[in-house]
Q: 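Next up is a structure, given as structure tokens.
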Amino acid sequence: MERVPELYGSLVFNDKIMRDKLPKDIYKALRKTIEKGTHLELDVANAVAIAMKEWAVENGATHFTHWFQPLTGFTAEKHDSFISPTDDGQVIMEFSGKELVKGEPDASSFPSGGIRATFEARGYTAWDPSSPAFIKDGTLCIPTAFCSYTGEALDKKTPLLRSMDALSKEATRILNLLGNTAVESVTTTVGPEQEYFLIDKEDYKKRRDLIFTGRTLIGAPSPKGQEMDDHYFGALRPRVAAYMADLDKELWKLGIPAKTKHNEVAPAQHELAPIFDTTNVAVDHNQLTMEIMKKVANEHDFVCLLHEKPFAGINGSGKHNNWSMSTNTGINLLDPGKTPAENTQFLVFLAAVIKAVDEYADMMRLSVASAGNDHRLGANEAPPAIISIFLGDELTAVVDSIENDKFFNSANSVVMETGASVIPHFTRDNTDRNRTSPFAFTGNKFEFRSLGSSASVATPNIVLNTAVAEALSQFYEVLSKVPAESMSNAVHELIKSTIIKHKRVIFNGNGYTDEWVEEAKKRGLYNLKSTPDVLPRLLDEKNIKLFTKHGIYTETEIKSRYEVLLENYSKILHIEAKTLLEMIYHDFAPAVVKFTDSLTKSILSKKQVSDKIPTASEESELLKITSKYEALLDATAKLESDVAKAEGLTDELELANYYHDVIFEDMSAIREITDFIEAYIPDEDLPYPTYSKILFYV
Ligand code: ADP
Ligand code: MG
């Protein structure tokens with residue numbers, strides 16, 4: 001293996017390459033654009049394009065693409081080759097600044113939620129210089145934003161960049177006001193931990209449900225599940241270890257700082273975490289990571305499952321979005337410092353986050369809502385659907401002391417006492433690992449844990465950035481009127497009143513208990529259980545106001561996103577229902593008939609020999625299975641007719657609710673029966689592999 005430092009970023013047009021390849025003045029102009037978002041002149045773009053193309057061709061690229069993130073949640077690319085014919089019948093490799101900066105893909109096949117009228121199908125992609133270009137499969141990929149011709153965002157990157165700007169503006173303003181005048185900008189940082197399952201490709205190919213929906217729609221539990229907790233952090237099996245080594249290598253080439261890897265709680269489940277980066281880059285990298293995970297799996301005869309709940313009864317997969325804010329002067333604004341009670345700056349930002357999460361908990365919930373994630377949230381394996389904040393004992397004590405005007409003495413709290421007179425840095429290690437909290441303070445960052453494994457991390461960060469920007473903006477309104485000599489008092493009062501008003505969202509206990517559900521209700525917190533429950537909240541006046549005020553979404557964009565999300569939910573359930581029907585009729589029912597046939601024959605032939613041969617147990621087994629089989633056929637017929645009824649519903653919200661209330665219930669009823677029967681069917685009679693085979697034989 002090549003040495004890692006040489007390998008790392010070898011397929012990325014990164015800063016070092018830019019510095020080497022670009023004339024000094026061009027490099028400077030580009031850096032200014034990257035750092036300050038200033039307009040890029042065409043001559044600069046042309047010079048960058050030439051350098052980029054040369055580098056790409058040297059590294060084997062023949063094509064380029066504007067790589068973007070439409071509302072499907074996947075990434076999209078359309079490849080153009082660099083070739084340009086010359087008069088003498090040859091070709092040269094060409095790439096212009098115009099091609100670098102702007103593309104015009106036909107937007108008509110991407111979801112727009114009604115924004116894009118059919119007469120104006122064109123959309124355009126615009127280069128995002130803040131995320132580096134890279135080479136993938138012989139194609140130079142240029143990260144871009146994707147908009148309609150009339151300028152509405154049709155992607156996830158545009159609002160993300162807008163939200164980062166909004167937060168930067170508000171955070172900088174307040175820092176300057178607090179006397180930290182050196183700060184010119186603030187970026188948000190994200191480190192997403194990604195969970196996934198690895199299963200054998202042969203097993204995958206035999207299951208229509210995995211192929212069409214990404215999850216198993218039926219399947220009896222295996223004798224062993226995850227109850228022994230023997231998989232978590234267990235030794236990696238050689239085949240999995242080889243996969244992970246290759247995956248790391250591919251990610252490193254793309255400049256993705258893959259850092260930790262380990263087995264997860266469920267059998268066949270694993271996790272990968274990169275070192276954090278600015279949000280925009282982290283989002284791009286996470287999209288790429290998911291893609292590369294699947295690609296490398298294929299090369300190892302595995303399939304990588306990113307669905308939130310591939311197997312019932314076994315933990316599903318999520319993503320932990322570690323998030324913080326950091327100044328251009330290098331300060332992590334969520335690092336409490338040595339004496340947090342005195343660290344005003346930290347407390348202002350902490351208060352802003354608490355206020356933001358409390359006021360926009362519905363949007364936080366919305367940002368992680370999907371048909372797949374509905375299986376996890378509130379199912380005691382992932383955080384509950386109720387959004388709350390975990391602060392840990394120490395920070396809670398700090399917050400309490402502010403609220404009650406008591407002096408906070410960190411020596412009295414749960415500090416590691418080393419005997420030395422200095423108070424140890426309390427932050428890093430004392431935050432206990434409360435795994436049941438959706439939003440936990442972990443020393444110098446918050447960890448938003450409700451994200452689904454397959455979704456883009458863009459939306460949760462858009463919401464987080466914008467809600468915190470709004471809180472900071474309101475803080476600024478208050479503090480900017482205060483004369484300098486009263487500032488420290490005013491800041492203290494502001495933190496105190498914010499805590500009093502929003503402390504209901506702080507919860508350090510066990511989020512899995514019924515008591516918490518009750519308690520949260522008393523506190524007036526949202527408990528938005530399913531995707532159709534939460535989606536309409538997007539149109540609430542307060543939320544439209546939030547996003548429009550900060551220029552994240554226009555009202556049209558919000559409505560379009562609402563439509564896309566609803567439609568997407570219904571489509572997923574529709575595909576699942578159709579797949580289940582096909583599986584019952586083509587796979588499962590024939591297997592049951594085959595087995596009951598052989599059982600019947602066995603009983604009959606024994607009876608022919610002698611009525612003294614006992615068959616009572618066999619008969620009772622046959623009876624049990626056939627009566628369940630009758631029920632299965634009824635339940636399947638009901639699903640079939642209910643799916644047909646869905647065609648008649650035209651209102652998207654009504655339709656989504658119908659899929660949730662009727663179709664999903666039908667599917668659950670079927671599953672209860674199939675899983676009962678499956679336990680009696682011999683493996684060789686089943687045309688698809690069982691949970692035992694899939695989860696324990698890799
Ligand atoms: P755990 O499994 O204990 O939650 P990991 O080490 O797996 O922790 O993941 C922690 C993640 O948090 C890593 O991706 C890390 O880079 C990221 N992280 C650390 N500091 C910050 C920060 N200031 N902002 C954003 N992410 C951070
Ligand atoms: Mg974590």
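Ligands are counted one by one from 1 in listed order, and the atoms in each one are counted from 1 as well. Small disclaimer: the values here were computed from a predicted structure and weren't measured. Numbering of residues begins at 1 and proceeds along the displayed sequence.
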Q: Is there a donor in the side chain of D155 and an acceptor in the side chain of T158, or the other way round, less than 3.5 Å apart?
A: yes
Q: Considering only heavy atoms of G191, which atoms of ligand 1 have at least one such atom less than 4.0 Å away?
A: 14 (O), 25 (C), 26 (N)
Q: To which of A273, A258, P274, G443 does the heavy atom nearest atom 14 (O) of ligand 1 belong?
A: P274
Q: Please work out, at 4.0 Å between heavy atoms, whether the side chain, the backbone, both, or neither of L334 comes within that distance of ligand 1.
A: neither
Q: Of all the heavy atoms in H320, does at least one lie under 4.0 Å from an atom in ligand 1?
A: no
Q: Would you say F276 has any N or O atom under 3.5 Å from an N or O of ligand 1, going by distance alone?
A: yes
Q: Determine whether any heavy atom of E447 lies closer than 4.0 Å to an atom of ligand 1.
A: yes
Q: Select the closest option to atom 22 (C) of ligand 1 among D277, T189, T279, judged by heavy-atom distance.
A: T189
Q: Could you tell me which atoms of ligand 1, counted from 1 in the order shown, lie closer than 4.0 angstrom to a heavy atom of S324?
A: 22 (C), 23 (N), 24 (N)
Q: For R523, is there an ion pair with D358 - N to carboxylate O distance below 4.0 angstrom?
A: no
Q: Assess, by modelled atom type and distance only, whether the side chains of Q69 and D284 contain a donor and an acceptor separated by less than 3.5 Å.
A: yes
Q: My understanding is that we take every heavy atom of each candidate and find the minimum distance to atom 25 (C) of ligand 1. Doing that for T260, L333, N322, D335, which one comes out nearest?
A: N322
Q: Would you tell me whether S131 and N280 have side-chain atoms, one donor and one acceptor, within less than 3.5 Å of each other?
A: no
Q: Aromatic rings W516 and F507: how do their planes relate, parallel, tilted or perpendicular, breaks at 30° and 60°?
A: parallel
Q: Look at R19 together with D15 and state whether they make a salt bridge at an N to O cut-off of under 4.0 Å.
A: yes
Q: Among T442, N332, L272, whose heavy atom sits nearest atom 23 (N) of ligand 1?
A: N332
Q: Got a salt bridge between K295 and E250, using NZ or NE/NH1/NH2 to carboxylate O under 4.0 Å?
A: no
Q: Enumerate the atoms of ligand 1 whose separation from the nearest heavy atom of I275 is less than 4.0 angstrom.
A: 16 (O)
Q: Angle between ring planes, H307 versus H375, binned at 30° and 60°: parallel, tilted or perpendicular?
A: tilted
